[in-house]
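A note on names: the letters A, B, ... follow the listed sequences, proteins ahead of strands, and every chain is numbered from 1.
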There are 2 protein chains.
Amino acid sequence: MANIQKVAKKAGVSVATVSRVLNNPDVVTLKTRTKVEQAIHELNYEPSALGRNLRTSRSRLLLVLLPSISNPFYTEIINGIEDTAIEEGYNILLCETDSNPERENIYFNMVKNRLAEGIISMDPTVNKKTLTDLAKDYPIVQCSEYDEDGTICYVSIDNELAAYHAVRHLIKLGHEKIALINSDEKFLYARERYRGFQKAMEEFELPIRPEWILNMENVKFEDGQQAMKGLLKQEVRPTAVFAVSDVLAIGALKELNINQIRVPEDIALVGFDKIVFSNMTHPTLTTISQPMYKMGSISANMLINKIKGKAVESVILEHELVIREST
Amino acid sequence: MANIQKVAKKAGVSVATVSRVLNNPDVVTLKTRTKVEQAIHELNYEPSALGRNLRTSRSRLLLVLLPSISNPFYTEIINGIEDTAIEEGYNILLCETDSNPERENIYFNMVKNRLAEGIISMDPTVNKKTLTDLAKDYPIVQCSEYDEDGTICYVSIDNELAAYHAVRHLIKLGHEKIALINSDEKFLYARERYRGFQKAMEEFELPIRPEWILNMENVKFEDGQQAMKGLLKQEVRPTAVFAVSDVLAIGALKELNINQIRVPEDIALVGFDKIVFSNMTHPTLTTISQPMYKMGSISANMLINKIKGKAVESVILEHELVIREST
DNA sequence: CTGAAAGCGCTAACAT
DNA sequence: ATGTTAGCGCTTTCAG
């Protein structure tokens, strides 16, 4: 395989000149430049990123941590991250942690040993202590996630306000018996969205019935279905349900369909995230839209700025209530 | 930042010994080893993968090319690839090409300039010529894809046979008026699945009506919905539809639901891929299941063997017809 | 404008 | 068992 030496020899110049042609062509005379380019072409030479990276001690690689790529919530964010990263000359490495600390460690080590230059964490299950420690020495930002002490920069929406808007929407439609399908309260966003729910209910002086607050361990379709099954079994049924993610809502909708319960006539349903599939259900799902692409793009910019040594600040973006057929 | 030199100095040994402690601890006496480990710990030293990679000229990185990560079809395959890769000490870089040749080139260059050691291509839109050329010099395998001249190793199912099984299933249920929602015939799998459809229809002496063969440009939900819209407008309606992907089928189902057409009573529907969603629709979708995890895992193994210089052979895996509510 | 040479951090052959 | 040293492929001063 051709290397810079061979190109230099063939072109009758020094390796330094070849390097200049590659990185800083303007400082080389047209004549030598064409000579070098000719040699590069003839030898089919491709500069080794390995050598370059070692020399410049930069890998141009960013890590994106997420629990599972199969969660459609992340796809649009990733697009935002990727586009921005590529624009800035970085590539991204999608890292599925499966909420497994061992996996996490593999990826943390990649930034420790310089294989990657920074991390965008979207994993709510990640060990915050580890992450915070790592953030002291390496560029790290969080996307659609943050910890309460907030030492790590993040981009997110106002989860409490968004949940408040979702529930207020149901209340304004006349609903008084509203259930909440939440995820595990170990997640900050789950606690925040609960608070939004609570705030709306209290504001309109509606009772919160504990048996209608369901905390699911996972955020898969089956969990939403399971939750709805639980709600339908109860003596008094709610007339509206707010699920803190579309995936949960779609699972819940499945159970409603199975039981031939009309949506929204019998039970209204609001999701969260506006994933693509939420528009393919029958009926289509009312949901909260997060500016996912933008979140991704901003978090990538934040990280790259951090890598460059610039100061960065956390950002809170606007959400939007998207009213569709399910309410 | 601590490097191997500093560790060596602190431990009072040579850099070679430090390297040995890292890579080949058995050949070092316990006494010096503990000394070195102590120094490593005190300096908080992490070996630089950059230096190591340059020296060994291996990056331990594999590229996975796919048109879009938002397509749920790929997620399980990726899991299979990733698990196997990590087991073998490799990491994977998920590369979204968006069917954009420029993007492709970025990733092709990563393997040319040694940033990655090989490619698993799952992109049907990739330029086969470019890929074949690259495959002459670099380790490349294809997953759930292959080109007809077949110079590149692949793992796939028998698309024609699978489609044949799907359609035969409909015929055995008594259907005679069967439509096909296909993707663009520029894709080999589209042509193969059409052949399977054709074979079943001919075997049972059923007519193929050209106006019931729809070739969609993309494979998104909307395309499936669009296709079904087209079918419903026709004078004579089919009683069954085979869609070559679940995403298309789910879009089609959406349109059926909108028009209150009963599935499977009025129109039966078969998909392809068994994506997670296909079990969340109402009714649940009959579909062809590919052994996706296994395909991923095998393709990763194939690639790694290729990198190691071993001979590898293409593999065709079994599919399975999963009968659910939509037929 | 170009060349010589140092060196990024590491591994491995060779020497002791 | 450990040390010495060359060198992976490149970029970047410093001279000229």
Q: Hey, does the side chain of R52(A) come within less than 4.0 Å of dT11(D)'s phosphate (OP1/OP2), counting only N and O?
A: yes
Q: Heavy atoms from C-beta onward define the side chain here; which of dT5(D), dG3(C), dT11(D) lies closest to that of T17(A)?
A: dG3(C)
Q: Counting side-chain heavy atoms from CB outward, which of dG9(C), dT2(D), dT11(D) is closest to T56(A)?
A: dT11(D)
Q: Specify the separation, in whole Å, of atom CD1 of I4(A) and atom P of dA5(C).
A: 17 Å
Q: Rounded to whole Å, please give me the gap between CZ in R55(B) and P in dA12(C).
A: 6 Å
Q: Check the distance between dT11(D)'s P and L54(B)'s CG and give it to me in whole angstrom.
A: 12 Å
Q: On DNA chain D, compare the nucleotides closest to V18(A) and T32(B); which residue's is nearer the 5' end?
A: T32(B)
Q: Quick one: which of dT2(C), dA12(C), dT12(D) gets closest to the side chain of A16(A)?
A: dT12(D)
Q: Taking the minimum atom-to-atom distance to the side chain of R20(B), which one of dT11(D), dG9(C), dC14(C) wins?
A: dC14(C)
Q: Closest to the V13(B) side chain: dT11(C), dG3(D), dT2(D)?
A: dG3(D)
Q: Considering non-hydrogen atoms only, spot the tightest contact between M295(A) and S144(A) and give its length.
A: CE-CB, 3.2 Å
Q: L303(B) and G118(B): which non-hydrogen atoms are nearest, and at how many Å?
A: CD2-C, 3.8 Å
Q: Starting the side chain at C-beta, find the nucleotide from dC1(C), dG9(C), dA4(C) nearest to T29(A).
A: dC1(C)
Q: Whole angstroms only, please: what is the CZ-P distance between R114(B) and dC8(D)?
A: 14 Å
Q: Using a heavy-atom cut-off of 4.0 Å across all strands, would you classify N23(B) as base, sugar-phosphate, or nothing?
A: sugar-phosphate
Q: Begin from the C-alpha positions of T75(A) and I275(A) and carry the test side-chain contact (heavy atoms from CB on, under 4.5 Å) through to its verdict.
A: CA-CA 9 Å; T75(A) 53; I275(A) 64 174; over 6 Å; no
Q: Output the rounded distance in Å from CG (D26(A)) to P (dT2(C)).
A: 12 Å
Q: May I ask you to decide whether E117(B) forms a salt bridge with K306(B), counting only side-chain N to carboxylate O separations under 4.0 Å?
A: no
Q: Base, sugar-phosphate or nothing for S19(A)? Non-hydrogen atoms, less than 4.0 Å.
A: base
Q: Run the salt-bridge test on D98(B) and R103(B) with the 4.0 Å N-O cut-off and return the result as yes or no.
A: yes
Q: So, is S48(B) near the phosphate of dG9(C), with a side-chain N or O under 4.0 Å from OP1 or OP2?
A: no
Q: Taking atom P of dT11(D) as reference, at what distance in whole Å does atom CG of L22(A) sit?
A: 6 Å
Q: Rounded to the Å, how far apart are L50(B) CG and dG7(C) C1'?
A: 14 Å
Q: CD of Q5(A) versus P of dA4(C): gap in Å, rounded?
A: 12 Å
